[in-house]
Amino acid sequence: MATAKFQALRGTRDILSPESERQRALVNTFAEQCHLAGYGHIMSPIFEDLGVFLRVGESTDVVTKEMYDFEDKDGRRIALRPELTASVVRAFVQHNPPNLPWKAWYEGPQFRHERPQAGRYRQFSQVGIEVLGSDDPHVDVEVIALGWRFYESLGMQQVTLLLNSLGDESCRPQYFTALETYLRDRAADLTEAARETLEKNPLRVLDSKREQDAAVIAEAPLMVDHLSAETAEHFAAVRSGLEALGIPYEISPKLVRGLDYYTRTTFEFASTALENAQNAVGGGGRYDGLAESLGGKPTPGIGFALGVDRILLACDAEDTFPAPSTVPDVFVVDLTGGGEAVVVTDRLRQAGISADRGFDGRSMKAQMKVANRAGSPWAVIIGENELAEGNVTVRDMHGETGQTLISSADLVTELSSRLGR
Ligand code: HAM
């Protein structure tokens with residue numbers, strides 16, 4: 001019987017070294033910046049009660065079409081998280097932290113059953129932040145600036161910040177009515193899919209990328225023209241804060257985002273280095289009603305999530321943020337059978353010197369070939385005669401200083417000094 005050979009499922013992928021190291025370096029950079037800005041790390045479960053995510057928006061594709069939901073062995077409806085905002089707000093409501101605003105950062109995999117293509121996966125990774133308990137527009141500015149500076153720190157220069165305000169309960173209902181009336185008047189010109197969306201959430205019709213809908217959308221009333229005085233003032237304060245920091249933005253009045261919980265400030269980071277369809281490298285906004293809809297006290301909130309996989313594609317396109325080196329400091333070649341290399345590599349590693357070695361008792365030539373391939377600047381060669389006299393040879397693999405016989409006891413000190421440590 002033939003043995004089954006498996007592959008990673010469609011839309012998922014194995015990320016091997018050094019790309020995996022690059023991803024980790026990206027998360028570390030993000031973590032450092034969050035730490036500098038007073039955000040604590042939150043680690044929440046990868047799966048939650050389905051109800052948590054239904055609050056994300058029952059008229060969105062993320063919830064209605066793309067959720068990995070299932071019944072577990074206890075008959076509960078469970079979902080793999082499609083995003084982290086709902087989980088973080090659920091955690092906030094559950095733990096009711098005393099000091100507000102509460103600022104949290106996160107990283108990890110998300111799951112959406114989308115049609116896989118370049119930059120769009122069924123399992124993908126995000127880094128993000130959420131701030132709960134303040135509707136000060138300076139919080140909006142802090143959040144957006146953290147995202148912007150993060151892209152800058154990766155060396156990305158082709159990121160555009162798209163900004164919009166989606167209003168709140170003081171003005172959104174009136175705008176909704178105006179938009180719905182307009183779209184119903186023009187329903188005959190819309191695609192069937194847009195007409196279906198109109199029944200669920202008129203706002204989301206503005207998100208249609210279909211050509212036929214474009215003409216209708218172009219003339220649709222805009223939320224930014226219907227903001228209440230208070231919401232307009234909040235939006236103006238966000239804009240002037242960004243200006244004070246020299247962060248450029250484009251007002252994008254039709255930016256509605258793919259999730260239903262947003263109010264007031266919404267934004268997206270688009271990379272002009274990527275194909276249009278998958279050029280969003282991050283997005284976020286305010287969700288002042290989400291905590292309440294998850295059973296908590298009314299609590300304003302804002303945050304963003306950045307797509308790690310897409311950011312790295314954009315970094316490739318911009319030729320920035322390369323994978324960190326995985327080259328070991330030292331390669332140990334043992335010509336005495338390999339047992340001595342066990343001890344030597346252990347000593348080096350304990351001293352913080354990264355060390356790899358040859359295995360399988362291979363010849364000097366074969367082991368040197370592996371050492372060359374590893375790219376280490378230094379090799380330690382252990383020969384029978386040297387070993388008997390308590391010595392080892394240190395070889396400069398880049399050839400500048402040749403090779404030196406030293407006492408085994410001095411190996412760590414000698415290599416540390418050659419490595420400049
Ligand atoms: P989102 O716009 O759905 O927002 O996702 C944020 C980012 O995740 C996107 O801009 C994109 O870079 C990446 N992303 C989304 N779907 C995929 C996919 N299938 N494959 C690869 N990357 C993807 C949210 O998730 C909100 N929770 C953001 C937020 C936080 N709003 C407030 N707080």
Side-chain angles (χ1 to χ4, degrees), residues 10-13 15 23 26 30 34 39 42 44 48 52-53 55-57 60-63 65-68 80-92 102-132 139-140 142-144 146-147 150-151 156 159-162 164 166 204 207 255-271 273-291 300-315:
R10 198 166 129 75
T12 72
R13 61 206 180 110
I15 304 175
Q23 228 187 79
L26 181 149
F30 186 74
C34 291
Y39 289 70
I42 176 165
S44 67
E48 299 255 6
V52 171
F53 301 117
R55 304 302 183 278
V56 167
T60 65
D61 284 356
V62 170
V63 170
K65 298 191 188 143
E66 298 165 2
M67 196 107 83
Y68 275 94
L80 298 184
R81 63 185 185 206
E83 60 113 49
L84 256 156
T85 309
S87 295
V88 172
V89 175
R90 193 268 311 137
F92 171 83
W102 182 72
K103 310 206 295 187
W105 77 269
Y106 53 76
E107 51 92 16
Q110 321 296 324
F111 306 87
R112 297 183 191 173
H113 192 273
E114 298 196 75
R115 205 166 56 77
Q117 49 197 294
R120 190 175 292 283
Y121 309 103
R122 289 180 171 169
Q123 176 174 335
F124 59 97
S125 217
Q126 287 182 340
V127 292
I129 59 173
E130 310 292 347
V131 182
L132 281 124
V139 172
D140 305 39
E142 172 173 303
V143 165
I144 296 171
L146 205 151
F150 174 62
Y151 294 119
M156 293 168 73
V159 179
T160 309
L161 165 60
L162 306 171
N164 192 18
L166 287 180
R204 299 210 49 77
D207 211 16
L255 179 73
V256 296
R257 309 266 306 119
L259 307 156
D260 273 353
Y261 47 58
Y262 291 111
T263 54
R264 297 201 265 185
T265 314
T266 46
F267 54 93
E268 219 158 76
F269 298 106
S271 165
L274 292 179
E275 291 279 320
N276 241 1
Q278 263 75 244
N279 72 352
V281 286
R286 282 210 158 268
Y287 44 83
D288 294 340
L290 187 58
I302 180 167
F304 65 61
L306 317 179
V308 171
D309 313 75
R310 266 187 219 176
I311 291 175
L312 290 176
L313 286 174
C315 285

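Note that the structure is predicted; figures quoted are calculated from it, not measured. In listed order, ligands and their atoms are each counted from 1.
Residues Arg257 and Asp207 are not paired through a salt bridge, judged by the lack of any N-O separation under 4.0 Å between the basic side chain and the carboxylate. The pair Arg81-Glu48 does not count as a salt bridge, with every side-chain nitrogen at least 4.0 angstrom from each carboxylate oxygen.
For the salt bridge (Lys or Arg N to Asp or Glu O under 4.0 Å) test, residues two or more places apart in sequence or in another chain that qualify with Glu114 are Arg120. Remark: Glu83 pairs with no residue by the salt bridge (Lys or Arg N to Asp or Glu O under 4.0 Å) rule, at least two apart or across chains. Qualifying ring pair (Phe, Tyr, Trp, His ring centres under 6.0 Å) partners for Phe269, counting only residues two or more places apart in sequence or in other chains: Tyr151, Phe267.
Looking at Tyr39 and Glu142, their side chains do bring a donor and an acceptor atom within 3.5 Å of each other.
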When you check ligand 1 against the protein, what N or O pairs turn up below 3.5 Å? List the atom names and distances, or just say none.
residue  : atom   : partner : partner atom : Å
ligand 1 : 2 (O)  : Arg257  : NH1          : 3.0
ligand 1 : 2 (O)  : Arg257  : NH2          : 3.0
ligand 1 : 3 (O)  : Arg112  : NH1          : 3.0
ligand 1 : 3 (O)  : Arg112  : NH2          : 2.9
ligand 1 : 4 (O)  : Arg257  : NH2          : 3.0
ligand 1 : 5 (O)  : Gln126  : NE2          : 3.2
ligand 1 : 8 (O)  : Gln126  : NE2          : 3.1
ligand 1 : 10 (O) : Ala280  : O            : 3.4
ligand 1 : 10 (O) : Gly282  : N            : 3.1
ligand 1 : 12 (O) : Ala280  : O            : 2.9
ligand 1 : 12 (O) : Gly307  : N            : 3.3
ligand 1 : 16 (N) : Arg112  : NH1          : 3.4
ligand 1 : 19 (N) : Glu114  : OE2          : 2.6
ligand 1 : 19 (N) : Tyr121  : O            : 2.8
ligand 1 : 20 (N) : Tyr121  : N            : 3.0
ligand 1 : 25 (O) : Arg112  : NH2          : 3.1
ligand 1 : 25 (O) : Gln126  : NE2          : 3.1
ligand 1 : 27 (N) : Glu83   : OE1          : 2.5
ligand 1 : 27 (N) : Thr85   : OG1          : 2.8
ligand 1 : 27 (N) : Tyr261  : OH           : 3.2
ligand 1 : 31 (N) : Tyr262  : OH           : 2.6
ligand 1 : 33 (N) : Thr85   : OG1          : 3.2
ligand 1 : 33 (N) : Glu130  : OE1          : 2.9
ligand 1 : 33 (N) : Glu130  : OE2          : 3.0
ligand 1 : 33 (N) : Gly303  : O            : 3.3
ligand 1 : 33 (N) : Phe304  : N            : 3.4

